[in-house]
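These notes concern the structure reproduced below.
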Number of protein chains: 2
Amino acid sequence: MLPDGMSKELQLDHLRGVLVRLEETLIFGVIERAQFAVNPPVYARGGLGGALADESLLEFVLHEAERSHAKVRRYTSPDEYPFFDDLPAPILPVLPYADNPLHPHRINVNARLLALYVRDMVPFICAPGDDANYGSCAVIDVHLLQALSKRIHYGMFIAESKYRESTARFDAMIRAGDETALMTAITVPAVEAKLFERVARKAATYGSELANAGEGGVDPAKVRAIYERWIIPFSKQVEVAYLLRRLDAAN
Amino acid sequence: MLPDGMSKELQLDHLRGVLVRLEETLIFGVIERAQFAVNPPVYARGGLGGALADESLLEFVLHEAERSHAKVRRYTSPDEYPFFDDLPAPILPVLPYADNPLHPHRINVNARLLALYVRDMVPFICAPGDDANYGSCAVIDVHLLQALSKRIHYGMFIAESKYRESTARFDAMIRAGDETALMTAITVPAVEAKLFERVARKAATYGSELANAGEGGVDPAKVRAIYERWIIPFSKQVEVAYLLRRLDAAN
């Protein structure tokens with residue numbers, strides 16, 4: 001979550017710091033999840049009998065975590081977005097995020113993220129099959145999904161920062177509804193290439209500590225691919241979606 | 001949690017792998033927590049007004065997490081110990097841990113761990129003061145406490161492994177109730193020195209990635225000190241406590 005003062009929330013060096021910190025969380029989440037097989041019953045509604053009513057085990061554990069975190073006001077922070085929309089009200093007094101830098105918006109891509117995670121990312125990260133470690137997997141999945149959600153929604157802060165740097169240029173593209181031009185404008189291939197190199201290097205570093213201990217770790221090329229295929233494209237889609245509504249009247 | 005088969009749970013290379021993996025979790029937990037100030041209201045009963053009844057914010061969030069994890073049978077695993085004793089029953093069928101290698105025991109040092117964490121570790125890790133990020137701190141604390149608890153209770157697996165290697169030698173010390181001899185027998189200074197070096201090196205590696213991004217990280221000497229002062233001594237106390245009751249009749 002953001003520092004409550006948020007005085008520096010749009011400075012690019014602060015944004016970069018937050019995203020780099022999230023890289024560690026994401027890489028470790030991937031390494032943790034890769035210990036276990038895909039375990040399809042974690043993701044199937046009714047996969048574990050009738051005890052969970054109409055939720056999968058993952059949905060159940062995620063829902064419980066969000067109910068608890070909502071009570072301590074996690075989702076009142078402008079950089080935290082829930083997967084569920086029926087959460088309890090905070091029991092702590094809500095902090096005034098007076099200097100929330102984002103334009104009012106209704107973006108929440110977590111439904112798509114959850115579907116993508118279960119359908120594409122888990123099978124990419126994990127060996128196929130079922131090793132019965134359902135509870136461990138669901139707990140790791142929740143941690144990883146929360147970090148993925150934060151990373152991807154952070155696209156809005158990045159977009160706002162870029163918008164303020166080149167307002168007139170972006171305004172023209174937004175008024176024209178030109179999604180392609182917006183996507184081109186926010187894309188800096190050299191920065192992306194550096195990022196992919198950095199996460200692969202980190203995954204190699206962290207993985208080698210685990211490999212020394214016979215614990216495997218995860219292929220650095222896979223971590224890089226997760227960023228290339230899913231995290232960065234998804235984050236950029238959020239940037240564009242946010243920018244497209246940047247001139248809408250606040251309501 | 002342990003692989004459900006547990007066929008290799010006492011092999012020293014497997015134990016070592018688990019403990020090395022926990023090092024990453026612990027180091028990252030410390031780095032995450034060090035972002036924020038001590039924030040005393042997180043730990044005071046009534047520190048946040050009457051909404052939490054008689055629990056501190058940390059106790060509240062930890063209790064909620066444990067209720068949820070108990071439902072998915074986290075605490076039926078022989079390497080997971082809860083902080084609260086009033087948790088709901090699992091809603092998933094409990095797995096048979098037929099080859100739980102531990103002698104039956106009633107060890108749970110989490111009450112002491114929680115007190116130590118709040119009184120000594122948080123002020124050691126964090127800058128003094130209050131930055132109002134109470135929810136973030138409580139969520140990180142829960143993650144870190146769960147990892148610390150697992151690491152410290154893992155002493156029982158280490159102790160059982162050592163006991164099986166030198167049963168006759170340990171039996172004599174146990175029958176004499178000689179705690180000092182047991183502590184000496186389980187202590188291998190060269191192994192401890194290597195461990196302290198390794199965690200300091202990892203903290204330096206991981207911290208340097210964050211420092212490059214202007215995010216600080218944490219002093220590697222502090223991570224080393226956390227292992228030297230608290231984690232290893234506490235884990236060894238658990239080893240000795242477990243061994244002292246190793247010859248008791250199972251009941």
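Lettering follows sequence order; numbering is per chain, from 1.
Using a 4.5 Å heavy-atom threshold, the side chains of A:E64 and B:K71 count as touching. Considering only heavy atoms from C-beta on, A:Q35 comes within 4.5 Å of B:R21 through its side chain. Between A:V72 and B:F60, some side-chain heavy-atom pair lies under the 4.5 Å cut-off.
Aromatic ring pairs are classed by plane angle as parallel below 30°, tilted from 30° to 60° and perpendicular above 60°; the pair A:H143 and B:H143 is parallel.
The distance from the CD1 atom of A:I31 to the OG1 atom of B:T25 is 10.0 Å, given to the nearest 0.5 Å. Here the straight-line distance linking atom CZ of B:R73 with atom OG of A:S136 works out to 9.0 Å at 0.5 Å rounding.
Contacts of A:L19 with chain B are absent, with no heavy-atom separation under 4.5 Å from either backbone or side chain.
Between chain A and the options B:E23, B:H69, B:R67, heavy-atom pairs under 4.5 Å are most frequent for B:H69.
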